[in-house]
Amino acid sequence: MKKITEKCFIIFLLGSLLCFTFISLPTMTTEDGLVPRNKSTMATATDHSLQLLEFSHYNHVIYANYSVISFSVLFEGPEVNISTVYAHYSLEQQNWASISLTRSRTVSEYQAIFSGQIGPFAQAGEYYLKINATRFSVEHASLYLQFEVVKAIGIVFVDFSFDIHLDTENNQYADLQITVFGEDVLSESVYVVPTLPNKVVNKTKLYLLEGTNYTYVGKISPINTWLDKTPLTFLANTSSGIQYKSSTFFLLKGLVSVPESFWRSKFPAILISSILILSMSTIFIMARRKPPKTF
């Protein structure tokens, strides 16, 4: 009778232990991270990351009262779909302004790209930019940037663009557009002068585009005999009669090709072809070999 009681106790003990093990398995799996959906929604900053993808004025001058900066970041983490990404910027870390970034593209379940714009900036100086991703009071990730905003000295010529067309008589002409701003620009004094070899060309007047404050447009024609790359000089005066000019722009009629070095253009193709030929030759030789004689 005593032996039966001991056996029953042992069986009961083993059964209880086995049941406890099965009951504990889901909890152990969740804690090990094998079932992410059962995890707490209060994620920490180490679970997320922010990476700067684009910054429009990287290595470009940022002018006060004109420049608008656009940028995008990659936000990665388990709470990317329920979080908000903000940008906070300030001059000398005072009087912070904040904007909410727009979700521009979904990369995957846990990755999304957010974009935004800031500016123009009323004052010149050192600006601080903080981009962070939050959910309620929890900051998941953040990144910091600094950039300098400068005041335009004199007259500045930026953002030049052009389109080349053909008129009804097959003459080439170019529509020009450029931004001109600074200290008291006299709008009637904006011109462009092409530099042609052994030829004097009259300057062409540019006009302020309707509805804008700084954008000037114009047309130069004909340009059939111009070189593929023609230097242009833009001129503008202040109301006090001081003239400013910029000769840093070109009109390109042909496509610009950048020759690549041998190691980047031809060497990889030669290497891959050699490997393929060697592999095919080895396979062919091995297939032609006769099995060894046995004694």
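Keep in mind that this is a model prediction, so the values were computed, not measured. Each residue takes its place number in the sequence, starting with 1.
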*Asks:* Is it the case that the side chains of Ser115 and Ser104 hold a donor-acceptor pair, with the cut-off being a distance below 3.5 Å and no angle test?
*Replies:*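 The answer is yes; a qualifying pair exists.
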*Asks:* Which Ile, Leu, Val, Met, Phe, Trp or Tyr residues join Ile153 in one cluster when any pair of side-chain heavy atoms under 4.5 Å counts as a link?
*Replies:*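 The other cluster members (ILVMFWY side chains, heavy atoms under 4.5 Å, direct or chained): none.
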*Asks:* Does Tyr144 sit in a hydrophobic cluster with other residues, and if so which ones, taking ILVMFWY side chains as linked at heavy-atom separations under 4.5 Å, directly or through other members?
*Replies:*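 Members alongside Tyr144: none; it stands by itself.
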*Asks:* Show, in sequence, the C-alpha distance, side-chain angles and deciding distance for Tyr86 and Phe114, and conclude whether the ring-ring contact (aromatic ring centres under 6.0 Å, His included) test is met.
*Replies:* CA-CA 9 Å; Tyr86 296 97; Phe114 291 80; over 10 Å; no
*Asks:* Rounded to the nearest 0.5 Å, how far does CD1 of Ile131 lie from CD1 of Ile99?
*Replies:*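 If I round to the nearest 0.5 Å, the distance is 8.5 Å.
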*Asks:* Test your reading of the model: is there a side-chain donor-acceptor pair from Thr238 to the backbone of Ile242, 3.5 Å cut-off?
*Replies:* yes
*Asks:* More than 12 heavy atoms of other residues, nucleotides or ligands under 6.0 Å from CD of Glu92: yes or no?
*Replies:*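 Correct, the count exceeds 12.
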*Asks:* With rounding to the nearest 0.5 Å, note down the distance linking OH in Tyr244 to CD in Glu183.
*Replies:* 5.5 Å
*Asks:* I'd like to know whether the aromatic ring centres of Tyr127 and Tyr89 sit less than 6.0 Å apart in this structure.
*Replies:* no
*Asks:* Among the clusters formed by ILVMFWY side chains lying less than 4.5 Å apart, do Tyr58 and Phe121 turn up in the same one?
*Replies:* yes
*Asks:* Grouping I, L, V, M, F, W and Y whenever their side-chain heavy atoms are under 4.5 Å apart, do Leu196 and Ile164 come out in a common cluster?
*Replies:*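 Yes, one cluster joins them.
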*Asks:* For the CD1 atom of Ile178 and the OG1 atom of Thr215, what is their distance to the nearest 0.5 Å?
*Replies:*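 Rounded to the nearest 0.5 Å, the CD1-OG1 separation comes out at 10.0 Å.
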*Asks:* Check whether Tyr128 forms a cation-pi arrangement with Lys130 (NZ or CZ under 6.0 Å from the six-membered ring centre, at most 45° off the ring normal).
*Replies:*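 Output no; distance or angle outside limits.
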*Asks:* Quick one: pull up CD1 in Ile69 and CD in Gln117 and give me the separation to the nearest 0.5 Å.
*Replies:* 10.0 Å
*Asks:* Side chains of Trp226 and Leu251: does their closest heavy-atom pair fall under 4.5 Å?
*Replies:* yes
*Asks:* Keeping the roles fixed (side chain from Asn237, backbone from Gly241), state whether a donor-acceptor pair exists under 3.5 Å.
*Replies:* no
*Asks:* Which other residues belong to the hydrophobic cluster containing Val107, where Ile, Leu, Val, Met, Phe, Trp and Tyr are joined when side-chain heavy atoms lie under 4.5 Å apart, directly or via other members?
*Replies:*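 The other cluster members (ILVMFWY side chains, heavy atoms under 4.5 Å, direct or chained) are Leu53, Leu74, Ile113.
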*Asks:* Answer yes or no: are there more than 12 heavy-atom neighbours, outside Lys205 itself, under 6.0 Å from its atom NZ?
*Replies:* yes
*Asks:* Is a side-chain donor or acceptor of Ser83 paired with a backbone partner of Val80 at a separation under 3.5 angstrom?
*Replies:*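 It does not hold such a pair.
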*Asks:* Should we count CG of Asn95 as having more than 12 external heavy atoms under 6.0 Å?
*Replies:*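 Count not over threshold, so no.
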*Asks:* Can Ile220 and Phe162 be said to form a side chain to side chain contact (heavy atoms under 4.5 Å, CB included), step by step?
*Replies:* CA-CA 10 Å; Ile220 48 179; Phe162 63 90; over 6 Å; no
*Asks:* So, does Asn224 use its side chain to make a donor-acceptor pair with the main chain of Gln172 at under 3.5 Å?
*Replies:* yes
*Asks:* Could you state the interatomic distance from CD (Glu126) to CD (Gln93), rounded to the nearest 0.5 Å?
*Replies:*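 The CD atom of Glu126 sits 10.0 Å away from the CD atom of Gln93.
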*Asks:* Shared ILVMFWY cluster between Leu91 and Ile118, side chains joined below 4.5 angstrom?
*Replies:*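 Per the 4.5 Å side-chain linkage, Leu91 and Ile118 are co-clustered.
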*Asks:* Hey, are the side chains of Thr179 and Phe157 touching, using non-hydrogen atoms and a 4.5 Å cut-off?
*Replies:* no
*Asks:* May I ask you to check whether His48 and Phe75 place their ring centers less than 6.0 Å from one another?
*Replies:* yes
*Asks:* When rounded to the nearest 0.5 angstrom, what distance separates CZ in Phe249 from OG in Ser161?
*Replies:* 10.0 Å
*Asks:* Sequence neighbours left out, what passes salt bridge (Lys or Arg N to Asp or Glu O under 4.0 Å) with Lys151? Give chain and number order.
*Replies:*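 So Lys151 forms no salt bridge (Lys or Arg N to Asp or Glu O under 4.0 Å) with any residue.
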*Asks:* In chain order, what residues pass the ring-ring contact (aromatic ring centres under 6.0 Å, His included) check against His165, with sequence neighbours excluded?
*Replies:*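 Partners of His165 by the ring-ring contact (aromatic ring centres under 6.0 Å, His included) criterion, ordered by chain and then number, come out as Tyr173.
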*Asks:* Looking only at side-chain N and O atoms, does His88 offer a donor or acceptor that is under 3.5 Å from a partner on Asn132?
*Replies:* yes
*Asks:* Should we count CD of Glu109 as having more than 12 external heavy atoms under 6.0 Å?
*Replies:* no
*Asks:* Supply the members, apart from Val158, of the Ile/Leu/Val/Met/Phe/Trp/Tyr cluster built from side-chain contacts under 4.5 Å; use none for a lone residue.
*Replies:*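 Noted: Val158 shares its cluster with Val61, Tyr63, Tyr66, Val150, Val156, Phe181, Tyr214.
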